[in-house]
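Per chain, numbering begins at 1; letters A, B, ... match sequence-line order. Keep in mind the model is a prediction, meaning the values are calculated, not measured.
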There are 2 protein chains.
Amino acid sequence: MIDAKNVTITDSEWEVMRAIWTMGQTTSRELINAMDELQGWSDSTTKTLLHRLIKKGAVEQIGESRPFTFKPVVGEKESMSAAADDLFDHMCAMRAGSTIAQVIKTRELSKSDIEELQQILAEKAKDAPEMVDCNCLPGKMTCEEDS
Amino acid sequence: MIDAKNVTITDSEWEVMRAIWTMGQTTSRELINAMDELQGWSDSTTKTLLHRLIKKGAVEQIGESRPFTFKPVVGEKESMSAAADDLFDHMCAMRAGSTIAQVIKTRELSKSDIEELQQILAEKAKDAPEMVDCNCLPGKMTCEEDS
DNA sequence: ACACTAAGTCTACATCTGTAACTTATGTGA
DNA sequence: TCACATAAGTTACAGATGTAGACTTAGTGT
């Protein structure tokens with residue numbers, strides 16, 4: 001299984017992946033139609049993206065006779081986590097908390113999602129530091145306070 | 001004040017912004033040195049990025065005589081939130097929860113960060129839905145279960 | 001066996017990004 | 001006031017991305 005960590009999915013490709021992940025398995029026709037409906041893309045656009053994804057190892061083609069079938073090679077959860085990690089990696093560590101807070105506020109979460117998060121937080125609270133250092137500049141420990 | 005929502009910051013630009021936000025206000029020399037130390041970039045690279053950021057309205061140049069000063073126009077928190085929102089916007093809504101969970105697990109959070117998150121979650125738990133719909137394909141309500 | 005159509009592959013091309021060299025202008029010490 | 005060190009601005013250029021047209025190949029109905 002290819003590690004999502006090693007596959008960088010661009011914005012447009014992401015849209016394709018979402019469709020593929022949701023369909024689980026699909027033919028190019030189905031996918032092309034879905035992307036047309038979802039994004040108004042021409043056939044070629046979807047085909048190109050699909051091929052780039054195959055080349056990257058995010059999707060694979062199966063079957064030997066022509067209407068081939070395509071299925072995801074990288075997992076959705078793993079890819080999402082990898083993307084989120086990537087994002088937080090280039091943000092100031094000191095502010096990750098408030099960013100997460102903002103995300104939680106604006107996203108819809110189910111009861112069980114919330115319970116899971118509470119569970120994780122309770123665990124994490126046990127040995128949480130008083131403060132997180134700013135890792136933006138060498139020697140700098142804290143950022144200015146935000147406006 | 002320019003809305004961070006309307007300014008798209010690329011990866012390299014992000015690195016520059018972090019430095020600027022942390023310095024609060026800076027001269028190009030200071031910034032160039034910081035970026036050299038942090039990323040090993042040549043002077044020109046930093047200058048180009050700085051100018052692109054000015055053109056985008058993320059940074060502004062102040063002062064009239066030469067060693068100019070630069071300061072951020074968009075806020076760090078807002079930019080981070082906008083970037084996070086952007087990310088989650090093109091992910092399956094159904095899986096936002098597990099992605100957030102993963103982020104919380106891997107990031108360092110301070111005691112007060114954790115308390116804030118717990119606070120928000122408690123509030124949110126009050127009217128949380130049993131389940132979040134998958135918004136990936138028209139008509140599809142749920143994704144396949146993850147591997 | 002053959003034309004036709006759908007599927008699959010290649011090519012294209014403008015724009016965006018990452019990275020940096022080259023050029024011009026300007027404050028300052030001699 | 002003149003040369004020089006610095007700061008600022010301009011140009012460059014390869015590779016990634018978004019988007020799509022053109023071309024090729026292979027099942028299929030007659």
Under 4.0 angstrom, heavy atoms only, what part of the nucleic acid is [X] near: base, sugar-phosphate, or nothing?
X: B:T27; answer: nothing
X: B:T45; answer: base
X: B:R29; answer: sugar-phosphate
X: B:D11; answer: sugar-phosphate
X: B:L49; answer: base

CG on A:D85 to NE2 on A:H90, rounded to 0.5 Å: 11.5 Å

Approximate separation, where rounding is to 0.5 Å, of B:T46 OG1 and B:E30 CD: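 If we round to the nearest 0.5 Å, B:T46:OG1 and B:E30:CD are 13.0 Å apart.
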
Take the protein atom [atom1] of [X] and the nucleotide atom [atom2] of [N], then report the distance between them rounded to whole Å.
X: B:D43; N: D:dG9; atom1: CG; atom2: C1'; result: 14 Å
X: A:M35; N: D:dA20; atom1: CE; atom2: P; result: 12 Å
X: B:I54; N: D:dA8; atom1: CD1; atom2: C1'; result: 10 Å
X: A:E15; N: D:dG18; atom1: CD; atom2: P; result: 10 Å
X: A:H51; N: D:dA20; atom1: NE2; atom2: C1'; result: 14 Å
X: B:K55; N: D:dA8; atom1: NZ; atom2: P; result: 17 Å
X: B:I62; N: D:dA7; atom1: CD1; atom2: P; result: 17 Å
X: A:K47; N: D:dT19; atom1: NZ; atom2: C1'; result: 14 Å

Donor-acceptor pair between A:S12 and A:T10 side chains, under 3.5 angstrom: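 Short answer, no.
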
Between B:Q118 and A:Q118: side-chain donor-acceptor atoms closer than 3.5 Å: no

B:Q61 side-chain proximity, nearest of D:dA7, D:dT19, D:dG9: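 Closest of the options to the side chain of B:Q61: D:dG9.
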
Listed nucleotide nearest any side-chain atom of A:R52, set D:dG9, D:dG18, D:dA22: D:dG18

Heavy atoms of other groups near B:E37 CD, more than 12 under 6.0 Å: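 Count not over threshold, so no.
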
Within 6.0 angstrom of B:Q25 CD, more than 12 heavy atoms from elsewhere: yes

Transitive ILVMFWY side-chain link A:V132 to A:I100, under 4.5 Å: no

Boundaries of the DNA chain C segment in contact with chain B, non-hydrogen, under 4.0 Å: C:dT17 to C:dG27

A:S79/A:I9 under side chain to side chain contact (heavy atoms under 4.5 Å, CB included): CA gap, chis, key distance, verdict: CA-CA 8 Å; A:S79 298; A:I9 297 172; 4.3 Å; yes

Geometric class of the A:W21/A:W14 ring pair [parallel <30°, tilted 30-60°, perpendicular >60°]: perpendicular

Distances under 3.5 Å only, N/O to N/O: pair up the protein atoms with those of nucleotides 24-30 of chain D.
residue : atom : partner : partner atom : Å
D:dT25  : O2   : A:R66   : NH1          : 3.0

Short side-chain N/O contact to D:dG18 OP1/OP2 from A:S12, under 4.0 Å: yes

Short side-chain to backbone donor-acceptor contact, B:K77 and A:R95, under 3.5 Å: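 Pair absent, no side-chain N/O of B:K77 close to backbone of A:R95.
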
